[in-house]
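Letters A, B, ... are given to chains in the order of the sequence lines, protein chains preceding strands, and every chain is numbered from 1.
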There are 2 protein chains.
Amino acid sequence: MDTRWLDEGERAAWLRLIAVVELLPGVLDTQLRRDAHLTHYDYFVLAMLSEAPDRTLRMTALALRTNATLPRLSHVVRRLEGRDLIERFPCPEDGRATNARLTPAGWDEVVAAAPGHVEAVRSHVLDVLNPAQVTQLQQICDALLTRLDPDGLMGQLYDLRR
Amino acid sequence: MDTRWLDEGERAAWLRLIAVVELLPGVLDTQLRRDAHLTHYDYFVLAMLSEAPDRTLRMTALALRTNATLPRLSHVVRRLEGRDLIERFPCPEDGRATNARLTPAGWDEVVAAAPGHVEAVRSHVLDVLNPAQVTQLQQICDALLTRLDPDGLMGQLYDLRR
DNA sequence: GGGTGTTACTTGAAGCATCAACCAATCACC
DNA sequence: GGTGATTGGTTGATGCTTCAAGTAACACCC
């Protein structure tokens with residue numbers, strides 16, 4: 001079967017998307033590591049917990065919301081637990097499940113890190129785009145996610161109980 | 001100084017962008033690793049070399065084009081050199097520099113891997129978007145790159161000699 | 001022509017992600 | 001109520017990235 005190669009416009013869009021995907025994580029990590037000793041993924045985990053009811057989520061639900069695999073989350077949570085930012089306890093309703101809960105220290109950490117992080121997000125991403133582009137970006141990413149993560153999307157939309 | 005928090009639309013766009021950035025590399029890596037025993041970054045390095053004059057580039061130029069740091073590229077090239085896909089030799093014009101050149105085996109590898117990779121790019125990204133969105137994506141990424149990589153952009157546009 | 005500083009690249013150590021394997025609890029079903 | 005399959009999660013090994021440090025060549029300048 002013969003390949004449909006990329007035309008000029010497709011190639012231009014693709015090369016730039018690759019560049020963004022390659023560079024953005026580094027920028028976010030650098031700021032957060034410097035100012036809060038957190039990976040961007042660490043921060044995202046803490047942030048998702050901070051917005052959940054009781055600041056608690058099941059590991060599986062947390063993995064879905066953070067677009068990560070369960071093994072990855074497990075390692076990260078173990079490290080954060082060692083720093084007393086998160087605590088784990090067995091889920092009373094399902095013996096197989098474990099809940100992750102933000103500790104008070106973890107909450108303080110998020111509150112302290114948030115302004116600097118939002119500033120970074122603004123200066124590197126949102127403030128560079130006009131309002132129309134922000135909307136376009138959302139729609140484009142939505143379309144991509146239906147293909148990249150057909151199941152995971154559900155996790156973002158429906159409120160999974162712990 | 002008080003933080004300008006994200007409004008609803010900004011937050012929606014941001015969360016989805018994070019998800020894409022988190023998931024896309026994994027999808028590309030998985031396909032290429034399975035079909036060609038290459039990381040996406042490995043493939044990208046080989047692809048950039050394959051398009052360069054004499055299939056040769058300086059390490060610095062190659063790092064710029066692949067949006068990576070020099071240490072990262074150095075490790076990757078060492079591994080690819082071990083598989084005889086790339087060869088390194090000192091640059092005759094500048095004793096400090098070293099050139100990386102695609103070997104015939106490396107060329108074959110790119111040629112063999114390209115169709116499957118392009119198919120993955122199409123099915124996961126480009127074919128999910130309509131033509132207008134592809135253009136928007138390019139413009140958005142262009143805007144982001146002026147901030148994410150103010151110098152690197154030059155490397156993409158001007159043809160660096162080896 | 002000998003500092004001084006910069007550029008180009010490599011290396012080793014440390015940390016994080018990923019994969020496969022594993023265990024434990026629950027569910028389905030007869 | 002017992003067996004097999006599934007779900008939920010953890011762990012250890014491997015590999016890649018990153019950071020800091022190091023080496024070597026070049027450029028400038030007095």
Give the table of side-chain donor-acceptor pairs shorter than 3.5 Å for residues 104-112 of chain A, with sequence neighbours excluded, one pair per line with atom names and distance.
none

B/S/- along nucleotides 16-26 of chain C (protein heavy atoms under 4.0 Å) is SSBBB----BS

To the nearest angstrom, the CG-C1' distance between N67(B) and dT17(D) comes to 15 Å

Rounded to whole Å, CZ of R58(B) lies from P of dT7(C) at a distance of 13 Å

Taken to the nearest whole Å, CG/L80(B) to C1'/dT10(C) is 16 Å

Residues at least two apart in sequence or cross-chain that pass side-chain hydrogen bond (donor to acceptor under 3.5 Å, both in side chains) with R78(B), listed by chain then number, are H75(B)

Notebook entry, point to check: Checking all strands, does T98(A) fall into the base, sugar-phosphate, or nothing category for heavy-atom contacts under 4.0 angstrom?
Noted result: sugar-phosphate

The side-chain hydrogen bond (donor to acceptor under 3.5 Å, both in side chains) partners of R11(A) (sequence neighbours excluded) come to E51(B)

Looking only at heavy atoms, the pair that brings P25(A) and V21(B) closest together is CG-CG1, 3.6 Å

Separation of dT18(D) atom P from H40(A) atom NE2, nearest Å, is 16 Å

Here the distance between atom C1' of dC19(D) and atom CG of L73(B), to the nearest Å, is 16 Å

Residue set satisfying side-chain hydrogen bond (donor to acceptor under 3.5 Å, both in side chains) with R72(A), at least two apart, ordered chain then number -> E22(B)

From CZ of R88(A) across to C1' of dT10(D) the rounded distance in Å is 8 Å

Separation of dT10(C) atom P from F89(B) atom CZ, nearest Å, is 13 Å

Here the ring pair (Phe, Tyr, Trp, His ring centres under 6.0 Å) pairs for residues 108-138 of chain A, sequence neighbours left out, are H40(A)-H117(A), Y43(A)-H117(A)

Separation of dT17(D) atom P from L70(B) atom CG, nearest Å, is 14 Å

